[in-house]
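Data block below; observations after.
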Amino acid sequence: MHHETSIEIAAPPDVVWSTLTDVERWPEWTRSVTKVERLDDGDLRVGSRARVRQPGTPPLAWEVTELVPRESFSWASKVPGVTTTGGHRLAAGPADSGERVTVTLTLDQEGFLAPVVWRLMGSRSRRYVQLEAEGLKRRCEAGGAGQA
């Protein structure tokens, strides 16, 4: 099961990256997340873990599985029968486009229960990915991670 959405953000790539990787502050800018608790310290890196609470779902632990600084990160959450992977990828616009970034967010589910979970939760999951994209755009275009 796969879902993908992209959004163009009129902000410098560093602002978008720092906002996106400051995961504990996500509840400030997206209604799809009510709380994020880092389970380790320091910058986000491969192996970093966080507990994420979303409306209408139990909290899930996510672990960063891939990270290319200022370009992309993926993290995964595993429950019996399903592994969910969330991808976050930045692509700077052409040099003559000013400070613009296209952010692509993906959500993938694998495992023997993935089709059932997708049928039950897919609509909500797709809505949450869209809320994340729209909230990220608003936050970054208003100045980024330090904005309330």
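Just so it is clear, the model here is predicted, and its values are computed rather than measured.
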Spacing of Arg31 atom CZ and Glu134 atom CD [to the nearest 0.5 Å]: 8.0 Å
Heavy-atom pair of closest approach, residues Ala11 and Cys140: CB-O, 3.7 Å
Distance (rounded to the nearest 0.5 Å) between Arg49 CZ and Leu44 CG: 13.0 Å
Shortest non-hydrogen separation from Gly86 to Trp62 and the atoms involved: N-CZ3, 3.8 Å
Side-chain contact test, heavy atoms from C-beta onward, threshold under 4.5 Å: evaluate it for Leu107 versus Thr84 and give yes or no. yes
Atom CD1 in Ile9, atom CD in Glu99: separation rounded to 0.5 Å? 13.0 Å
ring-ring contact (aromatic ring centres under 6.0 Å, His included) with Phe73: which residues, sequence neighbours excluded? Trp75, His88
Which pairs, with at least one residue in residues 102-113 and sequence neighbours excluded, count as a salt bridge (charged side-chain N to carboxylate O under 4.0 Å, His left out)? none
Hits for side chain to side chain donor-acceptor pair (under 3.5 Å) against Ser72, two or more places apart or cross-chain, chain-then-number order -> none
Any donor-acceptor pair under 3.5 Å from Ser18 side chain to Val15 backbone: yes
Which atom pair, heavy atoms only, marks the closest approach of Arg100 to Ala10? NH1-CB, 3.0 Å
Rounded distance (nearest 0.5 Å) linking atom CG of Leu90 with atom CG of Leu136: 8.0 Å
Assigning hydrophobic clusters by single linkage (Ile, Leu, Val, Met, Phe, Trp, Tyr; side-chain heavy-atom cutoff under 4.5 Å), is Val46 placed with Leu39? no
Compare every heavy atom of Pro27 with every heavy atom of Val36, then report the nearest pair and how far apart it is. N-CG, 4.1 Å
Contacts of Glu4 that satisfy side chain to side chain donor-acceptor pair (under 3.5 Å) - sequence neighbours left out: His2
Looking at Thr30 and Trp26, would you say the former's side chain and the latter's main chain have a donor-acceptor pair under 3.5 Å? no
Salt bridge (charged side-chain N to carboxylate O under 4.0 Å, His left out) partners for Glu37, two or more places apart: Arg51
Residue pairs, two or more places apart or on separate chains, that pass salt bridge (charged side-chain N to carboxylate O under 4.0 Å, His left out) and touch residues 71-87: none
Taking ring-ring contact (aromatic ring centres under 6.0 Å, His included) as the definition, give me every residue that meets it alongside Trp17, ordered by chain and number, with sequence neighbours left out. none
Sequence neighbours left out, what passes side chain to side chain donor-acceptor pair (under 3.5 Å) with Thr57? Give chain and number order. none
Under 4.5 Å side-chain linkage, directly or through intermediates, the cluster mates of Leu131: Tyr128
Sequence neighbours left out, what passes side chain to side chain donor-acceptor pair (under 3.5 Å) with Thr34? Give chain and number order. none
In chain order, what residues pass the side-chain contact (heavy atoms from CB on, under 4.5 Å) check against Thr102, with sequence neighbours excluded? Ser6, Glu8, Thr104
Let me confirm one number: the OG-CG distance from Ser125 to Leu120, rounded to the nearest 0.5 Å. 10.5 Å
Residues Asp43 and Arg45: closest non-hydrogen pair is O-NH1, 3.0 Å
Atom CZ of residue position Arg53 - does it have more than 12 heavy atoms of other residues, nucleotides or ligands inside 6.0 Å? no
Using a distance-only test with no angle check, is there a side-chain donor-acceptor pair under 3.5 angstrom linking Ser32 and Glu132? no
Could you state whether Val101 and Val68 fall into the same hydrophobic cluster, counting links through intermediate Ile, Leu, Val, Met, Phe, Trp or Tyr residues with side-chain heavy atoms under 4.5 angstrom apart? no
Going by heavy atoms in the side chains, are Gln109 and Met121 under 4.5 Å from each other? no
Please report the closest heavy-atom contact between Ser74 and Gly87, naming both atoms and the distance. OG-CA, 3.9 Å
Distance check, rounded to the nearest 0.5 Å: Arg70 atom CZ versus Thr21 atom OG1? 10.0 Å
Starting from the C-alpha separation in whole Å, work towards a yes-or-no answer on side chain to side chain contact (heavy atoms under 4.5 Å, CB included) for Leu60 and Val52. CA-CA 5 Å; Leu60 294 173; Val52 178; 5.6 Å; no
Could you walk me through whether Arg25 and Arg139 satisfy the side chain to side chain contact (heavy atoms under 4.5 Å, CB included) test, starting with their C-alpha distance in whole Å, then the side-chain angles of each, then the deciding distance to 0.1 Å, before giving a yes or no? CA-CA 11 Å; Arg25 296 185 79 168; Arg139 179 61 158 239; 3.8 Å; yes
If the condition is salt bridge (charged side-chain N to carboxylate O under 4.0 Å, His left out), which residues does Arg38 pass it with, not counting sequence neighbours? Asp40
